[in-house]
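For reference, the structure discussed in these notes is given below.
Keep in mind it's a predicted model, so treat the numbers as computed, not measured.
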Amino acid sequence: MRILQYIGKRVASSIVVILLITLALFLIFFLLPTNPAQLSCGKPCTPEQLQRVSAFMGTDKPWYEQMGNYVAGIFVGRTFGSGGGAVVCSTPCLGYSFRLNESVSQLILDRFPITASIAVGAAVLWLVIGVATGVWAALKRDTLIDRTLLGLSVVGVSAPSYLIGLLAVIAFSLVLQIFPSGGYVNFHDDPVGWFTHLLLPWLVLAVLSAAGYTRVTRTQMIGELSQDYIRTARSKGVPESVIVFKHALRNALLPVMTMFGLDLGGLLGGAVLTEKVFSMQGLGSLLLDSVSNLDLQVLVGATLFAAVLVIVANLIVDICYSLLDPRVALGTK
């Protein structure tokens with residue numbers, strides 16, 4: 001019951017945070033000096049034309065009414081204009097791009113599979129590599145293996161991702177011609193092509209991100225292996241593999257889970273640099289294009305979607321925390 005109450009509180013607080021972020025995004029972007037109606041009016045734009053465009057887009061109303069319509073559109077959809085020329089934005093409506101003549105929700109839906117393919121594949125690799133090397137370094141503490149892994153992790157943490165990505169493209173795509181240089185292939189059209197085009201971005205992201213996981217896992221494992229319960233288990237003759245993987249690693253993974261959830265949520269929200277380096281048109285590219293073209297509807301909708309992904313990832317981590325360690329839900333840790 002205490003765990004269920006803890007989860008309920010975390011869900012409620014996450015909803016409140018999402019609403020506050022929606023309010024902040026709306027105020028930041030829609031109250032800027034830039035007028036969305038002016039951007040869609042065309043040239044020349046007479047005052048009469050601007051008034052008609054503003055009425056069509058709904059930007060002629062007070063800001064609080066605009067925000068109410070925006071939030072309501074997420075749950076019940078929204079219609080811009082009236083009569084035969086009305087534009088219908090189906091639920092969930094995160095806005096409508098009049099420049100691209102497409103709802104923001106549909107634009108996100110079209111781009112999200114690309115970003116998700118990059119993020120999930122890379123996340124699995126960096127989690128496995130980072131945890132495995134961190135445990136290995138902890139078990140080989142103060143040896144050559146430990147120092148080598150720590151040195152490599154420092155390089156991985158400090159190396160710029162775009163630079164490593166460009167070097168990887170030059171080395172493995174242009175010189176050795178092992179991997180494609182970029183682009184995305186739909187999984188349903190060509191599963192093999194999908195895998196080969198994503199393997200290099202996965203490896204680049206995994207190598208860079210795994211460095212931080214190596215350091216955190218090593219530190220946590222060293223701390224857990226020095227605890228009294230570990231010494232007690234060893235004195236009772238418990239096998240070392242059980243001590244390491246069932247007892248010590250389980251507790252050591254708690255902070256790693258927090259990192260993993262936040263990193264994965266952020267990457268799902270748009271791997272901007274990775275998509276740019278490897279010429280993939282995912283959510284990161286959509287955000288960059290919306291900034292370049294001042295497409296505020298897309299900018300707000302895509303940013304809100306990315307923020308929700310991070311919040312949901314954080315919520316899942318908190319729930320897993322409470323299940324793995326009930327002391328979190330009981331308030332004793």
Side-chain angles (χ1 to χ4, degrees), residues 118-179 181-182 195-196 198-227 230-231 234 240-268 271-278 284 310 313 317:
I118 298 172
V120 174
V124 172
L125 281 178
W126 83 51
L127 182 63
V128 172
I129 295 172
V131 171
T133 53
V135 172
W136 192 19
L139 296 177
K140 301 293 184 180
R141 184 181 180 183
D142 296 331
T143 65
L144 179 61
I145 293 175
D146 182 27
R147 289 192 290 270
T148 301
L149 292 174
L150 283 179
L152 292 174
S153 68
V154 171
V155 175
V157 169
S158 59
S161 58
Y162 67 90
L163 177 60
I164 300 300
L166 289 174
L167 292 176
V169 170
I170 294 173
F172 296 104
S173 298
L174 301 181
V175 178
L176 299 177
Q177 297 183 352
I178 299 175
F179 301 108
S181 59
F195 179 79
T196 55
L198 285 169
L199 187 55
L200 189 57
W202 285 346
L203 292 173
V204 170
L205 284 173
V207 168
L208 294 175
S209 299
Y213 287 77
T214 299
R215 298 174 68 86
V216 172
T217 304
R218 176 187 179 274
T219 301
Q220 292 298 125
M221 282 294 295
I222 290 175
E224 291 297 327
L225 290 173
S226 63
Q227 296 294 321
I230 296 294
R231 287 192 289 268
R234 283 173 174 159
E240 189 68 17
S241 59
V242 175
I243 292 174
V244 171
F245 295 105
K246 185 177 180 180
H247 299 296
L249 183 58
R250 178 178 178 177
N251 291 326
L253 283 179
L254 292 177
V256 175
M257 285 175 53
T258 302
M259 288 179 57
F260 181 72
L262 295 177
D263 289 345
L264 179 59
L267 199 57
L268 284 172
V272 178
L273 293 177
T274 304
E275 292 176 11
K276 202 68 176 177
V277 170
F278 293 97
V310 175
V317 168

*About how many Å separate OG1 of Thr196 and CD1 of Ile178, when rounded to the nearest 0.5 Å?*
12.5 Å

*At what distance, to the nearest 0.5 angstrom, does CG of Leu149 lie from NZ of Lys140?*
11.5 Å

*Can you run down the salt bridge (charged side-chain N to carboxylate O under 4.0 Å, His left out) pairs that involve residues 201-221, sequence neighbours left out, and say none if there aren't any?*
Asp146-Arg218

*Which pair of heavy atoms, one from Ala206 and one from Ala122, lies closest together, and at what distance?*
CB-O, 4.0 Å

*To the nearest 0.5 Å, tell me how far Ser241 OG sits from Lys246 NZ.*
10.5 Å

*Heavy-atom side-chain proximity of Val135 to Val131 below 4.5 angstrom*: yes

*Side chain proximity check, Met221 to Val244, heavy atoms < 4.5 angstrom*: yes

*asked:* Quick one, Ser173 and Leu200 - any side-chain contact, counting heavy atoms below 4.5 Å?
replied: yes

*asked:* With a 6.0 Å cut-off on the ring centroids, do Phe195 and Trp202 count as close?
replied: yes

_Ignoring hydrogens, what is the shortest heavy-atom contact between Val256 and Val216? Give both atom names and the distance._
CG2-CG1, 4.1 Å

*Side-chain touch Leu139/Ile145, heavy atoms, less than 4.5 angstrom*: no

*Start with the C-alpha distance between Asp263 and Tyr213, add both sets of side-chain angles, then the distance that settles side-chain contact (heavy atoms from CB on, under 4.5 Å), and finish with yes or no.*
CA-CA 11 Å; Asp263 289 345; Tyr213 287 77; 2.8 Å; yes

*Side chain proximity check, Phe179 to Leu203, heavy atoms < 4.5 angstrom*: yes

_Holding to side chain to side chain donor-acceptor pair (under 3.5 Å), I want the full list of residues that pass it with Glu240, two or more places apart in sequence or in another chain._
Arg234

_Nearest-0.5 Å distance, CG of residue Leu225 to CZ of residue Arg231_ = 10.5 Å

*To the nearest 0.5 Å, how far apart are NE2 in His247 and CD1 in Ile230?*
7.0 Å

For residues 164-171, dump all side-chain donor-acceptor pairs below 3.5 Å to protein atoms at least two apart in sequence or in another chain.
none

*Is the backbone N or O of Ala252 less than 3.5 Å from a side-chain atom of Glu224, with the two atoms forming a donor-acceptor pair by type?*
no

*Between the side chain of Thr217 and the main-chain N/O of Thr214, is any donor-acceptor distance below 3.5 Å?*
no

